[in-house]
Engineer: 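Handing you a structure now.
The figures that follow rest on heavy atoms only: side chains count, while hydrogens, waters and symmetry mates do not. What you are looking at is a predicted structure, and each value in this text was computed from that prediction instead of being measured.
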Amino acid sequence: ESGSLQNVLDLKNNLEFVWSGSGQKIVYSYADFSTQEKGLYVMDLADRIETVLGLSLNASGCVWSIDNKTVYCADKSSFVSFDTSTTSSTQPKEVISSNSSVHAVNLMLNGTEDYFIFQNSKDGKLYGLKFN
C-alpha cells in the first residue's frame, strides 16, 4: 500500500528466479562475478538469508511443489527434486531420467504433481513428461 520498493536481491550476474506458490520463498540462480560459475540458491523471505544449495542448475528449469518445500529442476539428462526445508544437506533426488539432453525452461507441474510440462530451449517446442 505504501508504494515503496523493497530490494529482495542485490545485483546478480545472469539472475534467474522462481517464486514459491506461497510467495514466502524463492529459488534463484546466478553466475559468480569472479568465477562465472552458476549456482542455485534458496531464500526464505522472512529472514532474507541466502542458502547455497551446491547445485549448478538454472532456476528457469525449476518449479515449486504445492507443499512450498520441494523444488523440481531439470538437470542435463534428468529431472531432480530437493527439499528446501532441510538446507543443511540438500541432496537432489532423481525423479526421472531422460535418454536425451534436457534443455527445459518454464517448467510446470500439473495439479497431481506427476506430470512435467516444459519448453525445450533448443527447439522452442512444448513437451510433457509423466513420472511416478
Engineer: Looking only at heavy atoms, what is the nearest atom pair of F33 and K12, with distance?
Structural biologist: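 Where F33 meets K12 most closely, the heavy atoms are CZ-C, 4.2 Å.
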Engineer: Inspect the surroundings of CD in Q36 and state if more than 12 heavy atoms from other residues, nucleotides or ligands are less than 6.0 Å away.
Structural biologist: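 Result for CD/Q36: enclosed.
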Engineer: State whether the side chain of S121 and the backbone N or O of H103 hold a donor-acceptor pair below 3.5 Å, judged by distance alone.
Structural biologist: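 The answer is yes, because a donor-acceptor pair under 3.5 Å joins these two groups.
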Engineer: With no hydrogens and no angle check, is any side-chain donor or acceptor of N110 less than 3.5 Å from a backbone partner on Y115?
Structural biologist: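 Yes, because the side chain of N110 sits within donor-acceptor range (under 3.5 Å) of the backbone of Y115.
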Engineer: A side-chain contact here means heavy atoms from C-beta on lying under 4.5 Å apart; do L40 and F82 qualify?
Structural biologist: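 In short, these two side chains touch, coming nearer than 4.5 Å.
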Engineer: Heavy atoms only: give me the nearest C62-V71 pair and the separation to one decimal.
Structural biologist: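 For C62 and V71, the tightest heavy-atom pair comes out as CB-CG1, 3.9 Å.
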Engineer: One pair to check against side-chain contact (heavy atoms from CB on, under 4.5 Å): F79 and V63. What are the steps and the verdict?
Structural biologist: CA-CA 11 Å; F79 290 85; V63 63; over 6 Å; no
Engineer: Ring centres under 6.0 Å, that's the criterion: do F118 and Y72 meet it?
Structural biologist: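 Aromatic pair excluded; centres sit 6.0 Å or further apart.
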Engineer: Please find the pair of heavy atoms, one from D83 and one from S85, that lie closest to each other, and give the distance.
Structural biologist: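 In terms of heavy atoms, the two residues are closest at OD1-OG, 2.6 Å.
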Engineer: Would you say the side-chain atoms of D114 and T112 include a donor-acceptor pair closer than 3.5 Å?
Structural biologist: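 Yes - a donor-acceptor pair under 3.5 Å links their side chains.
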Engineer: Can you tell me if D44 uses its side chain to pair, donor with acceptor, with the backbone of A46 under 3.5 Å?
Structural biologist: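 Yes; at least one donor-acceptor contact below 3.5 Å.
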Engineer: Within the side chain of Q119, is there an N or O that forms a donor-acceptor pair under 3.5 Å with the backbone of N106?
Structural biologist: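 Looks like no, no N/O pair under 3.5 Å.
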Engineer: Quick check: does any side chain N or O of T84 sit under 3.5 Å from a backbone N or O of K69, one acting as donor and the other as acceptor?
Structural biologist: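 Indeed, once roles are kept as given, a pair shorter than 3.5 Å links the two residues.
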Engineer: What heavy-atom pair brings A59 and V27 nearest, and what distance separates the two atoms?
Structural biologist: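 Minimum heavy-atom separation between A59 and V27: CB-O, 3.9 Å.
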